[in-house]
Amino acid sequence: MPAAGARRAARGGPLSRSGFRCSTASEDRSELLAGSASTVNTFLLLEHTGAWGIEALRDSRLPEGLGSALSRAAAEAKVRVLLVRRPDRSAVDGHRVFAVSARPRNPWVEAGVLDHPADVLDLDLHSLRAGHSVGLDRHDQPLFCVCTHGRHDACCAERGRPVAGALAEAYPRHTWEVSHLGGDRFAGNMLLAPDGLYYGRLTPEAAVEVARARLAGELELDHLRGRTGYPMPVQAAEIGLRRELGLTRLGGVRLTARTVEGPVTTATFDTVHPEAGRAAYAVRVRSTRGDPVRLTCRAARDQPPIRHEVLDVTPTG
(Lines give C-alpha, C1' and ligand atoms only; values in the text may rest on other atoms or scores of the structure.)
Protein backbone atom coordinates (compact mmCIF):
# COMPACT_ATOMS: atom_id res chain seq x y z
CA MET A 1 0.00 0.00 0.00
CA PRO A 2 1.39 3.51 -0.83
CA ALA A 3 2.44 5.68 2.09
CA ALA A 4 -0.57 8.02 1.79
CA GLY A 5 -2.91 5.01 1.65
CA ALA A 6 -1.29 3.55 4.76
CA ARG A 7 -1.81 6.81 6.62
CA ARG A 8 -5.46 6.92 5.55
CA ALA A 9 -6.02 3.33 6.63
CA ALA A 10 -4.48 4.02 10.04
CA ARG A 11 -6.79 6.99 10.53
CA GLY A 12 -9.88 5.39 9.08
CA GLY A 13 -9.56 7.73 6.08
CA PRO A 14 -10.90 7.75 2.50
CA LEU A 15 -10.01 4.32 1.13
CA SER A 16 -13.55 3.93 -0.19
CA ARG A 17 -16.64 6.06 -0.79
CA SER A 18 -18.32 4.71 2.34
CA GLY A 19 -15.28 5.37 4.53
CA PHE A 20 -14.41 8.76 3.02
CA ARG A 21 -13.52 11.63 5.36
CA CYS A 22 -13.04 15.00 3.68
CA SER A 23 -10.83 16.36 6.47
CA THR A 24 -8.37 13.48 6.10
CA ALA A 25 -8.33 13.88 2.31
CA SER A 26 -7.64 17.61 2.66
CA GLU A 27 -4.70 16.93 4.96
CA ASP A 28 -3.32 14.35 2.54
CA ARG A 29 -3.47 16.99 -0.23
CA SER A 30 -1.54 19.41 2.05
CA GLU A 31 -4.31 21.93 1.40
CA LEU A 32 -3.57 25.39 2.81
CA LEU A 33 -5.81 26.87 5.49
CA ALA A 34 -5.06 30.54 4.81
CA GLY A 35 -7.76 32.22 2.74
CA SER A 36 -10.45 29.57 3.25
CA ALA A 37 -12.97 31.38 5.47
CA SER A 38 -16.44 32.20 4.19
CA THR A 39 -16.87 35.90 3.38
CA VAL A 40 -19.49 37.12 5.88
CA ASN A 41 -19.93 40.51 7.56
CA THR A 42 -22.87 39.78 9.86
CA PHE A 43 -24.11 36.76 11.80
CA LEU A 44 -27.22 36.02 13.81
CA LEU A 45 -26.82 33.17 16.33
CA LEU A 46 -30.00 31.61 17.70
CA GLU A 47 -29.96 29.09 20.55
CA HIS A 48 -31.61 25.77 19.73
CA THR A 49 -30.69 22.86 22.00
CA GLY A 50 -32.47 20.17 20.01
CA ALA A 51 -31.13 18.07 17.14
CA TRP A 52 -29.95 19.87 14.00
CA GLY A 53 -30.98 18.43 10.64
CA ILE A 54 -28.89 18.43 7.48
CA GLU A 55 -29.86 22.04 6.78
CA ALA A 56 -30.00 23.67 10.20
CA LEU A 57 -32.94 26.07 9.76
CA ARG A 58 -34.95 23.90 7.38
CA ASP A 59 -34.53 20.49 9.01
CA SER A 60 -34.21 21.19 12.75
CA ARG A 61 -37.12 21.07 15.18
CA LEU A 62 -37.87 24.76 15.24
CA PRO A 63 -41.49 25.90 15.59
CA GLU A 64 -43.55 25.32 12.45
CA GLY A 65 -42.64 27.77 9.68
CA LEU A 66 -39.93 29.59 11.64
CA GLY A 67 -36.99 28.09 9.78
CA SER A 68 -38.35 29.08 6.37
CA ALA A 69 -39.36 32.57 7.52
CA LEU A 70 -35.99 33.20 9.15
CA SER A 71 -34.14 31.89 6.09
CA ARG A 72 -36.06 34.30 3.84
CA ALA A 73 -35.48 37.27 6.15
CA ALA A 74 -31.78 36.48 6.46
CA ALA A 75 -31.35 36.07 2.70
CA GLU A 76 -33.02 39.42 2.03
CA ALA A 77 -30.81 41.17 4.59
CA LYS A 78 -27.68 39.17 3.66
CA VAL A 79 -27.15 38.00 7.24
CA ARG A 80 -25.74 34.54 8.04
CA VAL A 81 -27.96 32.71 10.56
CA LEU A 82 -26.46 29.92 12.66
CA LEU A 83 -27.91 27.77 15.42
CA VAL A 84 -25.96 27.50 18.67
CA ARG A 85 -26.15 25.44 21.84
CA ARG A 86 -24.01 24.72 24.87
CA PRO A 87 -21.95 21.52 24.55
CA ASP A 88 -23.80 20.04 27.53
CA ARG A 89 -27.18 21.13 26.03
CA SER A 90 -27.92 23.26 29.10
CA ALA A 91 -30.27 26.19 28.53
CA VAL A 92 -31.71 29.23 30.26
CA ASP A 93 -35.40 30.06 30.43
CA GLY A 94 -36.05 31.37 26.95
CA HIS A 95 -33.77 31.32 23.92
CA ARG A 96 -30.48 33.21 23.74
CA VAL A 97 -29.69 35.17 20.61
CA PHE A 98 -26.54 36.98 19.49
CA ALA A 99 -26.29 39.65 16.78
CA VAL A 100 -22.72 39.86 15.43
CA SER A 101 -21.26 42.61 13.29
CA ALA A 102 -17.93 41.15 12.13
CA ARG A 103 -16.60 44.10 10.14
CA PRO A 104 -12.82 44.25 10.61
CA ARG A 105 -12.66 47.85 11.85
CA ASN A 106 -15.35 47.78 14.52
CA PRO A 107 -16.66 44.31 15.36
CA TRP A 108 -19.27 43.91 18.09
CA VAL A 109 -21.79 41.50 19.60
CA GLU A 110 -25.20 42.17 21.08
CA ALA A 111 -27.03 39.52 23.12
CA GLY A 112 -30.48 38.91 24.53
CA VAL A 113 -32.93 36.22 25.63
CA LEU A 114 -36.15 35.65 23.69
CA ASP A 115 -39.33 34.36 25.31
CA HIS A 116 -40.12 32.36 22.15
CA PRO A 117 -37.81 31.51 19.25
CA ALA A 118 -40.22 33.13 16.76
CA ASP A 119 -39.49 36.48 18.45
CA VAL A 120 -36.23 36.46 16.48
CA LEU A 121 -38.29 37.63 13.48
CA ASP A 122 -38.84 40.95 15.28
CA LEU A 123 -35.14 41.80 15.04
CA ASP A 124 -34.21 44.24 12.26
CA LEU A 125 -31.73 42.23 10.23
CA HIS A 126 -31.32 45.02 7.68
CA SER A 127 -30.13 47.28 10.50
CA LEU A 128 -27.72 44.57 11.62
CA ARG A 129 -26.38 44.26 8.07
CA ALA A 130 -25.77 48.02 8.04
CA GLY A 131 -23.71 47.74 11.22
CA HIS A 132 -26.36 49.24 13.52
CA SER A 133 -27.70 47.99 16.84
CA VAL A 134 -30.74 45.73 16.82
CA GLY A 135 -31.70 46.82 20.34
CA LEU A 136 -30.11 44.01 22.34
CA ASP A 137 -27.52 44.44 25.09
CA ARG A 138 -23.87 44.86 24.18
CA HIS A 139 -21.92 41.65 24.89
CA ASP A 140 -18.29 42.37 25.72
CA GLN A 141 -16.86 38.85 25.84
CA PRO A 142 -15.77 36.85 22.77
CA LEU A 143 -17.73 33.80 21.64
CA PHE A 144 -15.91 30.56 20.74
CA CYS A 145 -18.28 28.80 18.32
CA VAL A 146 -17.20 25.28 17.31
CA CYS A 147 -18.92 23.54 14.40
CA THR A 148 -20.28 20.15 15.53
CA HIS A 149 -22.94 19.80 12.82
CA GLY A 150 -22.55 16.09 12.18
CA ARG A 151 -25.75 15.68 10.17
CA HIS A 152 -24.28 18.13 7.65
CA ASP A 153 -20.82 16.53 7.59
CA ALA A 154 -19.42 13.65 9.63
CA CYS A 155 -16.03 15.37 10.07
CA CYS A 156 -17.67 18.29 11.89
CA ALA A 157 -18.97 15.96 14.58
CA GLU A 158 -15.99 13.62 14.79
CA ARG A 159 -13.43 16.40 15.05
CA GLY A 160 -15.60 19.23 16.37
CA ARG A 161 -17.16 17.65 19.44
CA PRO A 162 -13.85 16.88 21.22
CA VAL A 163 -12.80 20.48 20.51
CA ALA A 164 -16.03 21.89 21.91
CA GLY A 165 -15.70 19.68 24.98
CA ALA A 166 -12.17 20.85 25.73
CA LEU A 167 -13.10 24.49 25.28
CA ALA A 168 -16.19 24.12 27.44
CA GLU A 169 -14.05 22.71 30.22
CA ALA A 170 -11.50 25.53 29.95
CA TYR A 171 -13.81 28.46 29.06
CA PRO A 172 -17.42 27.43 29.73
CA ARG A 173 -18.95 30.93 29.52
CA HIS A 174 -17.47 31.58 26.08
CA THR A 175 -18.01 28.22 24.37
CA TRP A 176 -20.84 27.22 22.03
CA GLU A 177 -21.48 24.51 19.52
CA VAL A 178 -22.59 25.98 16.18
CA SER A 179 -24.24 24.69 13.02
CA HIS A 180 -22.52 24.51 9.62
CA LEU A 181 -19.80 27.15 9.23
CA GLY A 182 -18.38 26.09 5.86
CA GLY A 183 -15.14 24.40 4.90
CA ASP A 184 -16.06 21.02 6.42
CA ARG A 185 -12.76 19.56 5.21
CA PHE A 186 -10.92 21.86 7.64
CA ALA A 187 -12.66 20.40 10.73
CA GLY A 188 -12.43 21.01 13.64
CA ASN A 189 -13.64 24.49 12.72
CA MET A 190 -14.28 27.43 15.00
CA LEU A 191 -15.66 30.95 14.59
CA LEU A 192 -14.38 33.60 16.97
CA ALA A 193 -16.95 36.37 17.35
CA PRO A 194 -17.16 39.28 17.10
CA ASP A 195 -13.77 39.30 15.33
CA GLY A 196 -15.01 37.17 12.44
CA LEU A 197 -12.00 34.86 12.62
CA TYR A 198 -12.28 31.30 11.33
CA TYR A 199 -9.90 28.66 12.68
CA GLY A 200 -9.49 25.16 11.28
CA ARG A 201 -7.85 21.75 11.80
CA LEU A 202 -8.15 22.31 15.53
CA THR A 203 -7.35 19.62 18.03
CA PRO A 204 -8.69 20.05 21.57
CA GLU A 205 -5.27 21.26 22.73
CA ALA A 206 -4.85 23.69 19.82
CA ALA A 207 -8.34 25.11 20.35
CA VAL A 208 -7.65 25.89 24.01
CA GLU A 209 -4.44 27.66 22.95
CA VAL A 210 -6.33 29.71 20.32
CA ALA A 211 -8.87 30.73 22.96
CA ARG A 212 -6.20 31.55 25.53
CA ALA A 213 -4.40 33.75 23.01
CA ARG A 214 -7.61 35.55 22.01
CA LEU A 215 -8.48 36.37 25.62
CA ALA A 216 -4.98 37.86 25.93
CA GLY A 217 -5.54 39.99 22.80
CA GLU A 218 -3.38 37.79 20.55
CA LEU A 219 -3.95 35.72 17.40
CA GLU A 220 -2.69 32.17 17.00
CA LEU A 221 -1.66 32.03 13.32
CA ASP A 222 -0.96 28.35 12.64
CA HIS A 223 -4.64 27.36 12.54
CA LEU A 224 -6.09 30.65 11.24
CA ARG A 225 -8.22 30.25 8.11
CA GLY A 226 -8.97 33.94 7.71
CA ARG A 227 -11.02 36.97 8.69
CA THR A 228 -14.59 36.67 7.38
CA GLY A 229 -14.90 40.39 6.66
CA TYR A 230 -12.30 40.11 3.88
CA PRO A 231 -12.37 38.36 0.49
CA MET A 232 -10.45 35.09 0.56
CA PRO A 233 -7.25 36.36 -1.16
CA VAL A 234 -7.11 39.26 1.32
CA GLN A 235 -7.51 36.81 4.19
CA ALA A 236 -4.44 34.97 2.93
CA ALA A 237 -2.60 38.29 2.50
CA GLU A 238 -3.26 39.35 6.10
CA ILE A 239 -2.10 36.00 7.46
CA GLY A 240 1.01 36.08 5.27
CA LEU A 241 1.85 39.60 6.41
CA ARG A 242 1.37 38.75 10.06
CA ARG A 243 3.64 35.72 9.72
CA GLU A 244 6.28 37.71 7.86
CA LEU A 245 6.39 40.47 10.50
CA GLY A 246 5.51 38.43 13.59
CA LEU A 247 2.38 40.52 14.22
CA THR A 248 0.11 38.57 16.54
CA ARG A 249 -1.77 41.35 18.32
CA LEU A 250 -5.50 41.34 17.62
CA GLY A 251 -5.27 44.85 16.17
CA GLY A 252 -2.35 46.50 14.45
CA VAL A 253 -3.12 45.43 10.86
CA ARG A 254 -5.66 47.42 8.79
CA LEU A 255 -6.57 46.95 5.14
CA THR A 256 -6.37 50.22 3.18
CA ALA A 257 -6.58 49.12 -0.48
CA ARG A 258 -7.19 46.11 -2.72
CA THR A 259 -6.61 45.64 -6.43
CA VAL A 260 -7.17 42.57 -8.59
CA GLU A 261 -5.37 41.79 -11.85
CA GLY A 262 -6.28 38.37 -13.20
CA PRO A 263 -5.36 35.73 -10.62
CA VAL A 264 -3.26 38.16 -8.53
CA THR A 265 -4.71 40.26 -5.70
CA THR A 266 -2.65 43.06 -4.15
CA ALA A 267 -3.74 44.02 -0.63
CA THR A 268 -2.22 47.04 1.09
CA PHE A 269 -2.18 47.22 4.89
CA ASP A 270 -1.21 49.77 7.50
CA THR A 271 0.56 48.10 10.42
CA VAL A 272 1.67 48.99 13.91
CA HIS A 273 4.63 46.92 15.12
CA PRO A 274 5.43 47.02 18.87
CA GLU A 275 9.11 47.68 18.07
CA ALA A 276 9.30 49.04 14.52
CA GLY A 277 6.30 51.38 14.80
CA ARG A 278 3.97 52.24 11.92
CA ALA A 279 4.51 51.07 8.35
CA ALA A 280 2.58 50.13 5.22
CA TYR A 281 2.97 46.94 3.18
CA ALA A 282 1.65 45.59 -0.11
CA VAL A 283 1.02 41.84 -0.19
CA ARG A 284 0.53 40.04 -3.51
CA VAL A 285 -1.46 36.81 -3.52
CA ARG A 286 -2.02 34.50 -6.48
CA SER A 287 -5.22 32.42 -6.48
CA THR A 288 -5.37 29.22 -8.53
CA ARG A 289 -7.78 26.32 -8.92
CA GLY A 290 -6.62 22.75 -8.45
CA ASP A 291 -7.93 19.57 -10.04
CA PRO A 292 -11.51 18.70 -9.04
CA VAL A 293 -11.74 16.57 -5.91
CA ARG A 294 -14.41 15.59 -3.41
CA LEU A 295 -14.41 18.55 -1.02
CA THR A 296 -16.95 17.39 1.59
CA CYS A 297 -18.13 14.07 2.95
CA ARG A 298 -21.61 14.56 1.47
CA ALA A 299 -20.53 16.09 -1.86
CA ALA A 300 -22.42 14.74 -4.88
CA ARG A 301 -19.72 15.84 -7.35
CA ASP A 302 -16.08 16.85 -7.38
CA GLN A 303 -15.05 20.51 -7.34
CA PRO A 304 -11.69 22.29 -7.69
CA PRO A 305 -10.14 23.57 -4.43
CA ILE A 306 -8.78 27.13 -4.57
CA ARG A 307 -5.25 27.82 -3.38
CA HIS A 308 -4.08 31.28 -2.30
CA GLU A 309 -0.30 31.66 -2.46
CA VAL A 310 1.50 34.70 -1.02
CA LEU A 311 3.97 35.88 -3.68
CA ASP A 312 5.69 38.70 -1.83
CA VAL A 313 5.42 41.24 0.99
CA THR A 314 6.76 44.69 0.10
CA PRO A 315 7.06 47.89 2.19
CA THR A 316 5.30 50.83 0.54
CA GLY A 317 5.51 54.61 0.84
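The analysis underlying the following values was restricted to heavy atoms, covering all of them including side chains, and did not include hydrogens, waters or symmetry mates.
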Item checked: Working for side chain to side chain contact (heavy atoms under 4.5 Å, CB included), residues Arg227 and Leu219 -> CA-CA 11 Å; Arg227 190 181 299 271; Leu219 297 183; 4.1 Å; yes
Please examine the side chains of [Y] and [X], heavy atoms only from C-beta on, and report whether any two atoms are closer than 4.5 Å.
X	Y	value
Val178	Cys147	yes
Pro142	Leu215	yes
Leu143	Phe98	yes

Next item on the list: Kindly indicate, with the supporting measurements, whether the criterion side chain to side chain contact (heavy atoms under 4.5 Å, CB included) is fulfilled by Val260 and Val264.
Entry: CA-CA 6 Å; Val260 180; Val264 176; over 6 Å; no
Heavy-atom donor-acceptor pair, [X] side chain to [Y] backbone, under 3.5 Å:
X	Y	result
His223	Gly200	yes
Arg258	Val234	no
Thr271	Ala280	no
Ser36	Leu33	yes
Asp59	Ala56	no
Asp88	Ser90	yes
Arg307	Gly290	no
Gln235	Ala37	yes
Arg105	Leu255	yes
Glu47	Arg96	yes

Item checked: Donor + acceptor pair across side chains of Arg161, Thr148 (<3.5 Å) ->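 No, Thr148 and Arg161 have no side-chain donor paired with an acceptor closer than 3.5 Å.
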Margin query: Can you confirm whether the side chains of Ser23 and Arg201 place a donor and an acceptor under 3.5 Å from each other?
Written below: no
Answer yes if [X] and [Y] sit in the same cluster of Ile, Leu, Val, Met, Phe, Trp and Tyr residues linked by side chain heavy atoms under 4.5 Å apart, and no otherwise.
X	Y	value
Leu62	Val81	yes
Val79	Val97	yes
Leu167	Tyr199	yes
Val285	Leu221	no
Leu66	Leu114	yes

Next item on the list: Evaluate the side chain to side chain donor-acceptor pair (under 3.5 Å) criterion for residues Glu110 and Ser133: first the C-alpha distance (whole Å), next the side-chain angles of each, then the deciding distance (0.1 Å), finally the verdict.
Entry: CA-CA 8 Å; Glu110 290 184 343; Ser133 169; 2.6 Å; yes
Tell me whether the count of non-hydrogen atoms from other residues, nucleotides or ligands lying under 6.0 Å of [atom1] in [X] goes above 12.
X	atom1	value
Arg138	CZ	yes
Arg58	CZ	yes
Arg301	CZ	no
Gln303	CD	yes
Asp122	CG	yes

Next item on the list: Assess Arg86 against Trp176: is NZ or CZ under 6.0 Å from the centre of the six-membered ring, and within 45 degrees of the ring's axis?
Entry: yes
Checklist line | Cation-pi, Phe144 ring and Arg214 (6.0 angstrom, 45 degrees) | finding: no
Next item on the list: From the options Arg254, Glu238, Arg242, select the one residue that forms a side chain to side chain contact (heavy atoms under 4.5 Å, CB included) with Phe269.
Entry: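 Exactly one option meets the side chain to side chain contact (heavy atoms under 4.5 Å, CB included) with Phe269, and it is Glu238.
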salt_bridge([X], [Y]) N-O dist < 4.0 Å:
X	Y	answer
Arg225	Glu220	no
Arg185	Glu27	no
Arg284	Asp312	yes

Shortest non-hydrogen separation from [X] to [Y] and the atoms involved:
X	Y	answer
Val120	Leu44	CG2-CD2, 3.6 Å
Val163	Ala207	CG1-CB, 3.5 Å
Cys297	Asp153	N-OD2, 2.9 Å

Next item on the list: Could you give me the CA-CA distance, side-chain angles and deciding distance for Ser179 and His149, then say whether side chain to side chain donor-acceptor pair (under 3.5 Å) is met?
Entry: CA-CA 5 Å; Ser179 58; His149 197 167; 4.7 Å; no
Check: According to the interplanar angle, ranging from 0 to 90°, do the rings of Tyr198 and Phe43 count as parallel (below 30°), tilted (30 to 60°) or perpendicular (above 60°)?
Finding: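 Ring orientation of Tyr198 relative to Phe43: tilted.
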Notebook entry, point to check: When rounded to the nearest 0.5 angstrom, what is the spacing between OG1 in Thr296 and CZ in Arg21?
Noted result: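 With rounding to 0.5 Å, OG1 (Thr296) is 12.0 Å from CZ (Arg21).
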